[in-house]
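As structure tokens, the structure follows; a few thoughts come after it.
The first residue of the sequence shown is numbered 1, and numbering continues consecutively from there.
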Amino acid sequence: MTGLPVPCERGGRIRLAVDVSPWLRPDAMTSADRCFCHTYGRGKGNAQLIPGWPYSFVAALESGASSWCALLDAQRIGRDEDLTAVTAAQVRDVVARLRAAGHHRPGDRDIVIVFDAGYDICRLAWLLADLPVELVGRVRSDRVFCFPAAARARTGRPPRHGPVFTLADPATHPEPAVTTSTDTLRYGTARTTAWHRLHPRLTHRGPWADLDGPPPIIEGALIRLTVDRLPGDRNPKPVWLWTSRAESAAADVDRYWQAFLRRFDIEHTFRFLKQTLGWTRPRVRTAAQGDRWTWLILTAHTQLRLARGLTTDLRRPWEKPVTDPHRLTPARVRRGFRHLRRKTPNPASAPKPSRPGPGRPKGSKNRHIAPHPEVGKTRVAPATPGPQP
């Protein structure tokens, strides 16, 4: 996947999005490695935990608003694996493959990677500190950060944390370092304020429990984004973003929140994979079969993405005509994909027919009792290691 052309923004910078999409299997009682997947129901506050196989996807985002994104990798998260550790290893592998394919060379601008609020963005920045990447992630509105510590006093223990910055308390917000304002057609005026060199207060708990020495100071920039309106919501709440770059200019702040908005393009891809390509339709038994089927779906999606300029627009009567073939949606490209046979130089031959296996002898019974493995984690995740040299 990484050896193919990778979409970039107008300046040539690569933007990646990482997100998790579940393959729900609530009725597969004999399937192993199922986890409790967080899913949203209809309406606010109707989230549910349903057994299934969560998959972590890494996709390259395009420059403008589009239903397309280049899927680069997919990995299933086991029930005993840590989401942050798996994501860090997956991102490290994708970046290494991009550099090996020549898409990113020494001296190029850093790769921007966007995450949603379900990730520990500060811990990911610590694990990926040695890579040429800039992480941007959404943080909850009840988080608390700290400014750098003041100068050491003459006596006493040197302080590790400075003044507190509470996201929900405007009284703790000093004057921002950067302020920008951008007019948009969909959201009205987008206003951003940014504060530099803010870090979370870490303790020896959770993934940092077995860390030798004091927890690290992971500094970054905090961005507050507000808009005039949202589709279907008259009172939009502010969005808080944290980036691994401790100090950012006004142009960088605008690029970060615009990249975060482009992250939602991967949601269209998930819906297309499930509803149109039938990613979660087969009822496979083992997780290994689900992994192979997932990669087949990624291959089919890549074929459709590469065929955007070759297909003919077979639009419905109610659909608007598109003059640029690269602006076709994935569903319209799939509709015209079957007419590419005359354009392909060496089409594959027809598959040879075969006979099914003998199966179980007639009249015999299956005496092997199917296992019923438990759902969810069974052991504690290991501690967080430091960044690789």
Item to check | Student check: side-chain heavy atoms of Asp120 and Thr84 closer than 4.5 Å | outcome: yes

Taking atom types as modelled and ignoring hydrogens, do the side chains of Ser63 and Glu9 form a donor-acceptor contact shorter than 3.5 angstrom?
no

Heavy-atom nearest pair, Pro163 first then Pro148, reads CD-O, 4.1 Å

Q: Output yes when a side-chain donor or acceptor of Tyr256 lies under 3.5 Å from a complementary backbone atom of Ser248, and no otherwise.
A: no

His372 side chain vs Ala370 backbone, donor-acceptor pair below 3.5 Å
yes

Trp53 and Val284, any side-chain heavy atoms less than 4.5 Å apart: yes

Does Leu261 share a hydrophobic cluster with Val253, counting links as ILVMFWY side-chain heavy atoms below 4.5 Å and allowing steps through other members? yes

Nearest heavy-atom approach of Gly52 to Pro54 is O-CD, 3.5 Å

Between Phe36 and Val375, the two heavy atoms sitting closest are CE1-O, 3.5 Å

Value for CG (Leu306) from OG1 (Thr311), rounded to nearest 0.5 Å, stands at 11.5 Å

- Query: Do Lys237 and Thr226 have side-chain N/O donor and acceptor atoms under 3.5 Å apart?
  - Reply: no

*Is there a donor-acceptor pair closer than 3.5 Å between any side-chain N or O of Asp116 and the backbone N or O of Gly118?*
no

- Task: Step by step, work out the side chain to side chain contact (heavy atoms under 4.5 Å, CB included) result for Phe145 and Thr166.
- Result: CA-CA 6 Å; Phe145 291 85; Thr166 305; over 6 Å; no

Checking the side chain of Asp33 only, and the main-chain atoms of Gly78 only, is there a donor and an acceptor separated by less than 3.5 Å?
no

Tightest non-hydrogen contact, residues Tyr55 and Ala287, listed as OH-O, 4.0 Å

Distance col, row Leu49:CG vs Cys35:SG, nearest 0.5 angstrom, shows 11.5 Å

Heavy-atom closest pair (Trp23 atom, Pro282 atom, distance to 0.1 Å) is CZ2-O, 3.3 Å

Under 3.5 Å, side chain of Arg34 to main-chain N/O of Arg25, donor-acceptor pair present?
yes

Notebook entry, point to check: Side chains of Asp183 and Thr189: is there a donor and an acceptor less than 3.5 Å apart?
Noted result: yes

| said: Can you confirm if the aromatic rings of Trp279 and Phe57 lie within a centre distance of less than 6.0 Å? | reply: yes

- Item | Side chain to side chain, Val18 and Val114, heavy atoms closer than 4.5 Å | no

Item to complete: Evaluate the side-chain proximity of Thr203 to Trp208: yes if any heavy-atom separation is below 4.5 Å, no if none is.
Response: no

In this structure, CD1 of Ile223 is separated from CH2 of Trp240 (nearest 0.5 Å) by 10.5 Å

Checklist entry - Salt-bridged, Glu62 to Arg308, with N to O below 4.0 Å? => result yes

Tell me if a side-chain donor or acceptor on Arg197 pairs with a main-chain N or O of Glu219 at a distance below 3.5 Å. no

CG (Leu128) and CZ (Arg92) are apart, to the nearest 0.5 Å, by 5.5 Å

Given 3.5 Å as the limit, does a donor-acceptor pair link the side chain of Arg160 with the main chain of Pro216, or not? no

For Arg143 and Pro200 the tightest heavy-atom approach is NH2-CB, 3.9 Å

Looking at Arg123 and Asp82, does any basic side-chain N land under 4.0 Å from a carboxylate oxygen?
yes

Between Leu304 and Pro330, is any pair of side-chain heavy atoms under 4.5 Å apart? no

Exercise for the section: Using a strict cut-off of less than 4.0 Å between a Lys/Arg side-chain nitrogen and an Asp/Glu carboxylate oxygen, indicate whether Asp110 and Arg245 qualify as a salt bridge. Expected result: no

Looking at side-chain heavy atoms only, is the closest gap between Arg224 and Arg191 below 4.5 Å?
no

query = Is Leu230 linked to Val239 within one hydrophobic cluster, defined over Ile, Leu, Val, Met, Phe, Trp and Tyr using a side-chain heavy-atom separation of less than 4.5 Å?
reply = yes

Between Thr276 and Leu273 (side chain of the first, backbone of the second, donor and acceptor by atom type, cut-off under 3.5 Å), is there such a pair? no

Check ion pair Arg13-Asp108 (N to O, under 4.0 angstrom): no

Worksheet item: Between His301 and Trp68, does the ring centroid distance fall short of 6.0 Å?
Response: yes

Before giving the answer on side chain to side chain contact (heavy atoms under 4.5 Å, CB included), spell out for Phe147 and Val164 the whole-Å C-alpha distance, their side-chain angles and the decisive distance to 0.1 Å. CA-CA 7 Å; Phe147 282 99; Val164 175; over 6 Å; no

With Ser56 as partner, the option from Arg76, Glu81, Gln90 fulfilling side-chain hydrogen bond (donor to acceptor under 3.5 Å, both in side chains) is Gln90

Applying side chain to side chain contact (heavy atoms under 4.5 Å, CB included) to Ile113 and Val136, what does each step give before you reach the verdict? CA-CA 6 Å; Ile113 307 179; Val136 181; over 6 Å; no

Arg79 side chain vs Glu374 backbone, donor-acceptor pair below 3.5 Å
yes

Item to check | Pairwise side-chain contact, Arg229 with Pro236, heavy-atom cut-off 4.5 Å (strictly under) | outcome: no

| message | In the structure I gave you, are the side-chain heavy atoms of Asp19 and Arg263 within less than 4.5 Å of one another anywhere? | response | yes

Here the gap from Glu175 atom CD to Thr193 atom OG1, rounded to the nearest 0.5 Å, amounts to 10.5 Å

Notebook entry, point to check: What do you reckon, is CZ of Arg334 surrounded by more than 12 foreign heavy atoms closer than 6.0 Å?
Noted result: no

Salt bridge Asp252-Arg255, side-chain N to carboxylate O under 4.0 Å: yes

Distance col, row Ile297:CD1 vs Phe272:CZ, nearest 0.5 angstrom, shows 9.5 Å

- Message: Between Arg205 (side chain only) and Ala209 (backbone N and O only), is there a donor and an acceptor less than 3.5 Å apart?
- Response: no

Would you please say whether a donor-acceptor pair under 3.5 Å links the side chains of Thr184 and Arg186? no

**Q.** CA sep, side-chain torsions, deciding dist, call: Leu83, Ile77, side chain to side chain contact (heavy atoms under 4.5 Å, CB included)
**A.** CA-CA 7 Å; Leu83 173 61; Ile77 302 174; 3.2 Å; yes

Before we go on, tell me: are the rings of His173 and Trp195 under 6.0 Å apart, centre to centre? yes

